[in-house]
Amino acid sequence: MVEPVTRLAPRPLRGTILAQGWRDLTLLHWPVDPALVAPLLPRGTVPDTLDGVTYVGLVPFRMVGVSLGPWPPLPYLGTFAETNVRLYSVDTAGRRGVVFRSLEAARLAPVLAARWLFRLPYMWARMRITKAGDTVAYETRRRWPGPVGAGGRVRVRIGARIAEPSAVEEFLTARWGLHVDWHGRTLYLPNAHEEWPLHRAELLELDDGLVAAAGLPGPVGPPVSVLWSPGVRARFGRPLRG
């Protein structure tokens, strides 16, 4: 049985191995055929769908104050710009999650650590986030590994706070873990954080090469969902079998 979509984590964490702040997020989503993305997911998971549709997300943001276990946030290395391309998954235990196809980050050391420890597809990139009034712009260009130069630019205008998210908006944001292929085994890394503060956003500019670089069809047409959030502070618990 698949767990319900909930605005807060549906289960307590077994300890905290990692904490991080996600700030100034823009979340762009397009519908995608579940059959197309199914082969890209870790073993034991299938595309998570809403009314027969699944989604691909492009999410640029600022990572802030990464800390390990009970230790204080890492100076310098724990704060950087990031952009991820993500899919949505559910495992045989019914746990909904995220599968990252790529994660661009502007700090090389966290990229190497995440690739080695968690087998996550982090990429080292040159990135910039600029905010002027109610407008936010994100730029990224991949440095390593290839394809070198993949990236693009996203610019949005922040709108009104969403009092009651729609079913689609909750489905795309209420994600309480990630699935990852770890040395041939699928692991589920659970997380918890406060309820998302979500805003409407207007897409002013989009030049994207990351979705295609992640092995997916490039976006066709405008995204069906454009959201912005000032962010949350998230905690990750011990990995579980997927």
[X]: what forms a side-chain hydrogen bond (donor to acceptor under 3.5 Å, both in side chains) with it, not counting sequence neighbours?
| X | answer |
| --- | --- |
| Arg155 | Glu205 |
| His179 | Ser89, Asp91 |
| Asp208 | none |
| Thr26 | Tyr138 |

Using only atom types and a distance under 3.5 Å, with no angle test, would you say the side chain of [X] pairs donor to acceptor with the backbone of [Y]?
| X | Y | result |
| --- | --- | --- |
| Arg96 | Glu3 | yes |
| Thr173 | Glu169 | yes |
| Thr49 | Thr54 | no |
| Arg115 | Tyr122 | yes |
| Thr186 | Arg43 | yes |
| Trp182 | Leu120 | no |

> What pairs with Tyr88 under ring-ring contact (aromatic ring centres under 6.0 Å, His included), at least two apart in sequence or on another chain?
Replying inline: His29

> Apart from Tyr188 itself, what residues make up its hydrophobic cluster, given side-chain heavy atom links below 4.5 Å?
Replying inline: Trp176, Leu240

> Transitive ILVMFWY cluster of Val90 at side-chain heavy atoms under 4.5 Å: who else is in it?
Replying inline: Val2, Val46

Donor-acceptor pairs under 3.5 Å, side chain of residues 140-151 to any protein atom, not counting sequence neighbours: which ones?
unit_1 : atom_1 : unit_2 : atom_2 : d
Arg142 : NE     : Glu104 : OE1    : 3.1
Arg142 : NE     : Glu104 : OE2    : 3.3
Arg142 : NH1    : Gly146 : O      : 3.3
Arg142 : NH2    : Glu104 : OE2    : 2.5

Spell out, yes or no, whether [X] and [Y] are grouped together once hydrophobic residues are joined by side-chain heavy atoms under 4.5 Å, including indirect joins.
| X | Y | value |
| --- | --- | --- |
| Val224 | Leu172 | yes |
| Leu68 | Leu189 | yes |
| Leu58 | Tyr55 | no |

>> Does Arg241 form a side chain to side chain contact (heavy atoms under 4.5 Å, CB included) with Arg185? I'd like the steps, not just the answer.
In response: CA-CA 8 Å; Arg241 289 242 181 183; Arg185 297 166 51 195; 3.3 Å; yes

Let me have the donor-acceptor pairs involving side chains of residues 32-39, under 3.5 Å, with sequence neighbours excluded, atom names and distances please.
unit_1 : atom_1 : unit_2 : atom_2 : d
Asp33  : OD1    : Ala35  : N      : 3.0

>> Holding to side chain to side chain contact (heavy atoms under 4.5 Å, CB included), I want the full list of residues that pass it with Thr92, two or more places apart in sequence or in another chain.
In response: none

Pairs of donor and acceptor atoms involving the side chains of residues 16-23, under 3.5 Å and at least two apart or interchain, shall be tabulated with distances.
unit_1 : atom_1 : unit_2 : atom_2 : d
Thr16  : OG1    : Arg235 : NH1    : 3.0
Gln20  : OE1    : Trp22  : NE1    : 2.9
Arg23  : NH1    : Val232 : O      : 2.9

> Which pairs with one or both residues in residues 209-240 pass ring-ring contact (aromatic ring centres under 6.0 Å, His included), sequence neighbours excluded?
Replying inline: His199-Trp228

